[in-house]
Amino acid sequence: MCNLYSLTRSQDEIRRIFAVKRDDTGNLPPLPGIFPDQLAPVVRAAESGRELTMMRWGFPPPPKVGTQPVTNVRNVASPYWRPWLKPAFRCLVPVSSFSEYADTKPRKTPVWFALSEERPLLAFAGIWRPWTGLRGPKRDDPVEEEHRLYAFLTTEANGIVGPVHPKAMPVLLTTEEEWRIWLEAPVEEALKLQRPLADAEMMVVARGERRDGAG
């Protein structure tokens, strides 16, 4: 499952590409290594237009399924996920590349995937929800408050991701039409986007590091 991605394109480019009308993220630095429980920017639809805002990665888990935040969502038929698939709770997660870990020895190797070597922007098909509780990276002091949490959909792996991680890959949205459908369309239409990206549209761009595209 994808638990590491990168967003290193400029803030101006993110706003332009995703047609953002309002940005409340402040001064957004490059994020070459985004991990679960960190804050990262997402795009959601608001009354005044698309909004770029910060949320924390990882939904609370379903009851009796442990305590770890859920970062990736595959079974959209589950009653636990259905309420958050409405348009009001869908979001786009801006990405320049994402990583899966190759099962190498003595330790697993991060393998980075992107649309091309230039790492143009794309989006994960995300969902979000408000949640009150204690959250935050372990290296920081977790905060108990009302958080806005996000996760994103996964699907079966394609021929590029499959050799590294055969079980699944993120749902990748690459066009304005797909972004519009994901944010606005009825759930039946939006969920047609839960499919692997064609092999010809992506590639492996780096190996070995836990950060990508920083320089």
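Since we're looking at a predicted model, the values are computed, not measured.
The backbone N or O of Ala114 sits nowhere less than 3.5 Å from a side-chain atom of Ser97 that would complete a donor-acceptor pair. In this structure, the side chain of Ser96 does not engage the main chain of Arg9 through any donor-acceptor pair within 3.5 Å. For the pair Trp182 (side chain) and Gly126 (backbone), a donor-acceptor distance under 3.5 Å is present. No donor-acceptor pair under 3.5 Å is formed between the side chain of Arg22 and the backbone N or O of Glu51. Put simply, the side chain of Ser99 never gets that close to the backbone of Leu4: no donor and acceptor are under 3.5 Å apart. Between the side chain of Arg90 and the backbone N or O of Ala185, at least one donor-acceptor pair lies under 3.5 Å. Of the possible polar contacts, one joining the Gln38 side chain to the Phe35 backbone as a donor-acceptor pair under 3.5 Å is found. A donor-acceptor pair is defined here as one N or O able to donate and one able to accept, closer than 3.5 Å; such a pair exists between the side chain of Asn158 and the backbone of Leu197. Looking at Glu178, its side chain does come within 3.5 Å of a backbone N or O of Thr174 through a donor-acceptor pair. Panel note: side chain Trp179, backbone Phe18; no donor-acceptor pair is recorded below 3.5 Å.
Within the 4.5 Å cutoff, the side chain of Val76 has heavy atoms near those of the Gln194 side chain. When side chains are defined from C-beta on, Asp24 does not count as touching Leu52, because their heavy atoms never get closer than 4.5 Å. Residues Leu28 and Ile14 have side chains in contact (heavy-atom distance under 4.5 Å, counting atoms from C-beta outward). A heavy-atom distance below 4.5 Å is not found between the side chains of Glu100 and Val111. Within the 4.5 Å cutoff, the side chain of Arg129 has heavy atoms near those of the Pro60 side chain. Using a 4.5 Å heavy-atom threshold, the side chains of Arg148 and Arg44 count as touching.
By the ring-ring contact (aromatic ring centres under 6.0 Å, His included) test, Phe89 is found to be paired with Trp84, Trp128, residues two or more places apart in sequence or in another chain being considered. Taking the ring-ring contact (aromatic ring centres under 6.0 Å, His included) definition, one finds that Phe152 meets it with Trp57, Phe124, sequence neighbours left out.
How far CG of Asp212 is from OH of Tyr5: 13.5 Å, rounded to the nearest 0.5 Å. One distance of note links CG of Asn3 with OG1 of Thr71; it measures 3.5 Å at 0.5 Å rounding. To the nearest 0.5 Å, atom OG1 of residue Thr53 and atom CG of residue Asp23 are 8.5 Å apart. The CZ atom of Arg119 sits 8.0 Å away from the OG atom of Ser6 when rounded to the nearest 0.5 Å. Once rounded to the nearest 0.5 Å, the distance linking CG of Leu39 with CE of Met55 reads 10.5 Å. Rounded to the nearest 0.5 Å, atoms CZ (Arg180) and OG1 (Thr175) are 9.5 Å apart.
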Practice prompt. Dump the intermediate steps for ring-ring contact (aromatic ring centres under 6.0 Å, His included) on Phe59 and Trp81, then the final yes or no.
Written response: CA-CA 10 Å; Phe59 262 52; Trp81 298 112; 5.3 Å; yes

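When every heavy atom of Met169 is checked against every heavy atom of Pro196, the shortest pair comes out as SD-CB, 3.9 Å. For Leu183 against Ala45, the heavy-atom pair with the smallest separation is CD2-N, 4.4 Å.
Salt bridge status for Glu176 with Arg50: present, with a side-chain N to carboxylate O gap under 4.0 Å. Ion pairing of Glu189 with Lys192 is absent here, as no side-chain N (NZ or NE/NH1/NH2) approaches a carboxylate O to less than 4.0 Å.
Summarising the local packing, CD of Glu209 is surrounded by 12 or fewer heavy atoms from other residues, nucleotides or ligands at distances under 6.0 Å.
Looking at Val205, Val95, Ile160 one by one, the single match for side chain to side chain contact (heavy atoms under 4.5 Å, CB included) with Phe113 turns out to be Ile160.
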